[in-house]
Amino acid sequence: MTSVRQWDTARYEAAERLLPHHRPSLVRGGRVAPRWIDGGTRFWYLSGTQAGHRFLLVDPERGTRGPLFDHDRLAAALASVSGEPVEGGALPFTEVGFSGAEVGFDAFGVRWRCPLDSYVPEKDEEYRRPDFAEVLSPDGRWAVALRGHDLWLRSVATGEERPLTTDGTSERPYGTQPDSLTFGALMRRLGARSLPPLVVWSPDSRRLVTHRLDQRGVAMSHLVEAAPADGGRPALHSYHYPMPGDDAVPVAELVVFDVDGGSAVPSRGRPLFTPMLSPVMAKRVWWAPDGSSVHYLEQPRDLTSLTLNALDPRTGEVRALLAESGEPRVEPGQGMGQTILRVLSTGREVLWYSQRDGWGHLYLRDTESDGTWHQVTSGEWAVQRILHVDESERVVYFVATGLVERDPYRRQICRAGLDGSGFARLCDDDLDHVVTVPENGRYFIDSASAKDTPPVITVRGWDGSVVVELERADITALLATGWTPPQQFTTKTADGVTDVHGLLFLPPGFDEGAAYPVVDSPYPGPHHGRLDPSFEGYPHLDCEAEAIAALGCVVVVVEGRGTPGRSRAFHDCSYGEYGRAGFLEDHLAAIRELARTRPWMDLDRVGVYGGSGGGYATVRAMCLYPDFYKVGVSQCGNHDQRFFQLAWGETYDGPLDAERYARSSNVELADRLTGRLLLIHGEMDDNVHPHLTMRLVDRLIAANKDFDLLIVPGAEHFFLGYEAYTTRRRWDFLVRHLLGGEPPAGYRLADFPVNPALLSGLG
């Protein structure tokens, strides 16, 4: 008998150390999450250190950065009154309420307030944590929350509450997402009572705009929870969920509320097509700077036009300001939910994003003119975001991609005159720039990095000068794991015409004389791609790629055609061609081209794995190219667009067409499977339903195919609470069937902590 190599525990431990929840301890100072105070003129943030963390206060006007308070003094005082050991470098809290005169925080099961003139902490008996997630008004006087299907207003000063609405129902709720993207299962698992309401406050805090959904007639979908937390009988969960071709779809009716008078002014415009993303969530509703009107974008179901409207908050009258139409769709940004548009303070001039010349650029349009388009930016590159408009200087600042030859996805900070002159980059480097801008727009926070360059995070002025340096990421602990940065590469598409880009993740201790199995890590979009050019990238994807590489594989990431970030033609390749799954043929071409000069890539052992859209692409790859992809792990894949979100299928595969949608269905390819496949799905996934995997299972059985199946009771789309188990099962499957080994017996990954970013705003 041939002996099977036993994978040692140390290999799994090394891989586990690279998972995303360990990243903050391996990369110190890699991110800054500012908490704005004083109207955005100052901010504080949490800075990681080898010993723990520090709260730092930044004043860009003065160019200063220093402690938010005396950490050692507060630690000693808190230890004295609580009887618990406390260290200044590792305070037992990571969030504070800061007023300038005092800080409030939770520690040892108690809410504390600590005046900064005395440093004598006291239990805050008057503090009341809101029962529901709230959205504060700009002046801090009011908070609005969702209770059931209605909106409630609370006075921050007095605590007095009153309902803004009383007639909300499950079919006509206020201020919430459509049922199909409310993540109800996740909310129940977290014990959260509500999401923050989807409202936009007026600048003067006198009014707010929201929407009332109308889901009447929208078809229902159902999930059965086999083992509820209460230990009772299986529970049925039903909700509205439109699918491609359905007649009834959710729409949103805008409503303006006057806070003082309590009056409601409904929009007199058409209800907005809202199959999945709320117009507020998508940032397609906003106030004019003077509060005189509400601007919003409107699109029909076929997405072939885009209209900018102005809503009078006093009367509800609606006036169309500008529009654009075109085939196959008009987008205010290539990413789903991306809105690149700015109405200037006069209300007459609009910076309008369009791909009319084949690239995403800005145009200055006049709402009262003859419709002339004045092009502000141009070239074979794409605007990704408007950062700031200096109207007095007639200059716009923005983020663009396509300006760095070796990596067209790197984001550069640029400026241009509104007359189209004076284009320039603000930073004299070819790094990727992640930008945060406060509401007052006086300056910006810039995180500059690349895959092989750790972040340097600074506050900059609009001339590009550094006002104050915040962090230089320390990756000493990451390097100690044996980590090396992924190799960037450029290859050609399968037709040999267009450049595609990607990453190679190599195992620690890489040996050019060895042979390594290859694992493809796809995510076909088309709403966003697989590559993020920053050092930190997409942690949940890139860290998992690093972990799988640590098991002894070469992991390949390819950004095939059909994803956003480049030209219109590159993105629109996916329209009506969803079945090509981000052009998997480009993945094959890239891997084969790479292997020609890298003999250590063993193309007799090629695997593939992914979740959600990546789960779809995994099965697609194994069925379309069974001689190439031998092993795959598909998690929560949307395997059949005919029964997935309406917004998804109709946006990216076009209006329902039986023949085209059948071509994109993995169910129709089940009889082609020859490799080893593990399917994983959460029983309570209310985004990508488990029936999408079960339809595939049904056809695989009919085709007499062998496969492995793991249905996780209670798990939703993010597998909260089950990540450790499903990750270990994914690794075990790849080790057994691709690496030809046997996983360490009984190995158990430590539970993943709940991601604070996931909890923020969940109430």
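Heavy atoms only: backbone and side chains are in, while hydrogens, waters and symmetry mates are out.
- A salt bridge links R329 to E331: one of the charged nitrogens lies within less than 4.0 Å of a carboxylate oxygen.
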- Any chance you could lay out the side chain to side chain contact (heavy atoms under 4.5 Å, CB included) test for Y239 and D686, step after step, and finish with the verdict? CA-CA 9 Å; Y239 51 98; D686 49 8; 3.1 Å; yes
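- Side-chain atoms of S634 come within 3.5 Å of backbone atoms of G615 as a donor-acceptor pair (strictly under, hydrogens ignored).
- Nearest heavy-atom pair across G529 and Y538 is O-CE1, 3.6 Å.
- When atom types are taken as modelled, the side chain of Y725 and the backbone of L749 share no donor-acceptor pair closer than 3.5 angstrom.
- The two residues G552 and P517 have their closest heavy-atom pair at O-CD, 3.6 Å.
- Contact annotation: the side chain of V735 never approaches that of E742 to less than 4.5 Å [non-hydrogen atoms, C-beta and beyond].
- Between R530 and D542 there is a salt bridge, since a side-chain N of the basic residue sits under 4.0 Å from a carboxylate O of the acidic one.
- Under the 4.5 Å side-chain criterion, counting only non-hydrogen atoms from C-beta, Q177 is in contact with L277.
- Between the side chains of T401 and R410, no donor-acceptor pair is found at a separation under 3.5 Å.
- Panel note: side chain N666, backbone Y616; a donor-acceptor pair is recorded below 3.5 Å.
- Counting heavy atoms from C-beta outward, V619 and L679 have side chains that approach closer than 4.5 Å.
- Between W483 and F535, a ring centre-to-centre spacing shorter than 6.0 Å is recorded.
- In this structure, a donor-acceptor pair under 3.5 Å is present between the side chains of D732 and Y12.
- In this structure, D708 pairs ionically with R676, as a charged nitrogen and a carboxylate oxygen lie closer than 4.0 Å.
- Side chain of D520 to main chain of V608: no donor-acceptor pair is present (N/O by atom type, distance under 3.5 Å, no hydrogens or angles).
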- Before giving the answer on salt bridge (charged side-chain N to carboxylate O under 4.0 Å, His left out), spell out for R189 and E716 the whole-Å C-alpha distance, their side-chain angles and the decisive distance to 0.1 Å. CA-CA 9 Å; R189 188 158 186 82; E716 37 64 55; 5.5 Å; no
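- Side-chain contact between P744 and D8 is absent, with no heavy atoms from C-beta onward closer than 4.5 Å.
- Ion pairing between R301 and E650 holds under the 4.0 Å rule for side-chain N and carboxylate O.
- Here Y661 contributes atom OH and D640 contributes atom CG; the two are 10.5 Å apart, rounded to the nearest 0.5 Å.
- A 4.5 Å side-chain heavy-atom check between L504 and V555 finds every atom pair outside the cut-off.
- In this structure the side chain of P526 never reaches within 4.5 angstrom of the side chain of Y575, judged on heavy atoms.
- Using a 3.5 Å distance cut-off with no hydrogens or angles, the side chains of E16 and Y747 do pair a donor with an acceptor.
- Here S180 contributes atom OG and M276 contributes atom CE; the two are 7.0 Å apart, rounded to the nearest 0.5 Å.
- The closest side-chain donor-acceptor pair between H237 and E225 falls under 3.5 angstrom.
- Taking each heavy atom of A515 and R605 in turn, the nearest pair found is O-NH2, 3.3 Å.
- Of the possible polar contacts, one joining the T618 side chain to the G610 backbone as a donor-acceptor pair under 3.5 Å is found.
- Contact between D604 and K630 at its shortest, heavy atoms only, is O-NZ, 3.4 Å.
- Of the inter-residue distances, the one linking L678 atom CG with L734 atom CG reads 8.5 Å to the nearest 0.5 angstrom.
- In this structure, CG in L588 is found 4.5 Å from OH in Y629, a value given to the nearest 0.5 Å.
- Heavy atoms from other residues, nucleotides or ligands lying under 6.0 Å from CD of E13 number more than 12.
- A ring-centre distance under 6.0 Å is not found for F719 and F752.
- By the 4.5 Å heavy-atom criterion applied to side chains, M601 and Y516 are not counted as neighbours.
- Atoms CG and OH, on D432 and Y409 in that order, are 13.0 Å from each other to the nearest 0.5 Å.
- Under the 3.5 Å distance criterion, the side-chain polar atoms of H681 are matched with a main-chain donor or acceptor of V688.
- The closest side-chain donor-acceptor pair between S664 and D653 falls under 3.5 angstrom.
- Under a 4.0 Å N-O distance rule, the pair D671/R699 does not qualify as a salt bridge.
- Ring orientation note: the planes of Y241 and H689 are tilted relative to one another, at an angle of 30° to 60°.
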- Run the numbers on Y652 and Q641 for side chain to side chain contact (heavy atoms under 4.5 Å, CB included), then give the verdict. CA-CA 10 Å; Y652 297 120; Q641 313 322 311; over 6 Å; no
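- Scanning all heavy atoms of the two residues, the minimum distance from P242 to D246 falls at CA-OD2, 3.6 Å.
- In this structure a side-chain-to-backbone donor-acceptor pair under 3.5 Å is present from Q6 to P743.
- In this structure, CG in D706 is found 11.5 Å from OG1 in T674, a value given to the nearest 0.5 Å.
- Of the possible donor and acceptor atoms, one in the side chain of K451 sits under 3.5 Å from a partner among the backbone N and O of D532.
- Judged purely by distance below 3.5 Å, without hydrogens or angles, the side chains of Q334 and Q355 pair a donor atom with an acceptor atom.
- Y625 has its ring centre no less than 6.0 Å from the ring centre of H587.
- Aromatic rings of Y523 and H528 (six-membered ring for Trp) have centroids within the 6.0 Å cut-off, being under it.
- In summary, the side chains of R642 and S665 do present a donor paired with an acceptor at a separation below 3.5 Å, with no hydrogens or angles considered.
- Using a cutoff of 4.0 Å between basic side-chain nitrogens and carboxylate oxygens, D698 and R695 are not scored as salt-bridged.
- Classification of R663 and E668 as a salt-bridged pair fails, no side-chain N sitting under 4.0 Å from a carboxylate O.
- Side chain to side chain, E593 and T491 fail the donor-acceptor criterion of an N or O pair below 3.5 Å.
- Taking every heavy atom of both residues into account, V500 and R566 meet most closely at CA-NH1, 4.2 Å.
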- Would Q299 and F273 count as a side chain to side chain contact (heavy atoms under 4.5 Å, CB included) if you check the C-alpha gap in whole Å, the side-chain angles of each, and the deciding distance to 0.1 Å? CA-CA 7 Å; Q299 282 195 289; F273 174 64; 5.8 Å; no
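- At least one side-chain heavy atom of E544 sits under 4.5 Å from a side-chain heavy atom of Y609.
- A salt bridge is defined here as a Lys NZ or Arg NE, NH1 or NH2 lying under 4.0 Å from an Asp or Glu carboxylate O, and D499 with R406 fails to meet this definition.
- In terms of modelled atom types and a separation under 3.5 Å, the side chain of E559 and the main chain of L531 share a donor-acceptor contact.
- No donor-acceptor pair under 3.5 Å is formed between the side chain of S574 and the backbone N or O of E577.
- For the pair R730 and F733, the cation-pi test (distance below 6.0 Å, angle within 45°) is failed.
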- Item | Derivation and outcome, side chain to side chain contact (heavy atoms under 4.5 Å, CB included), residues V518 and L594 | CA-CA 11 Å; V518 177; L594 291 168; over 6 Å; no
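- Remark: the S612 side chain and the H717 side chain contain an N/O donor-acceptor pair separated by less than 3.5 Å.
- For W648 and Y578, the side-chain atoms include at least one donor-acceptor pair closer than 3.5 Å.
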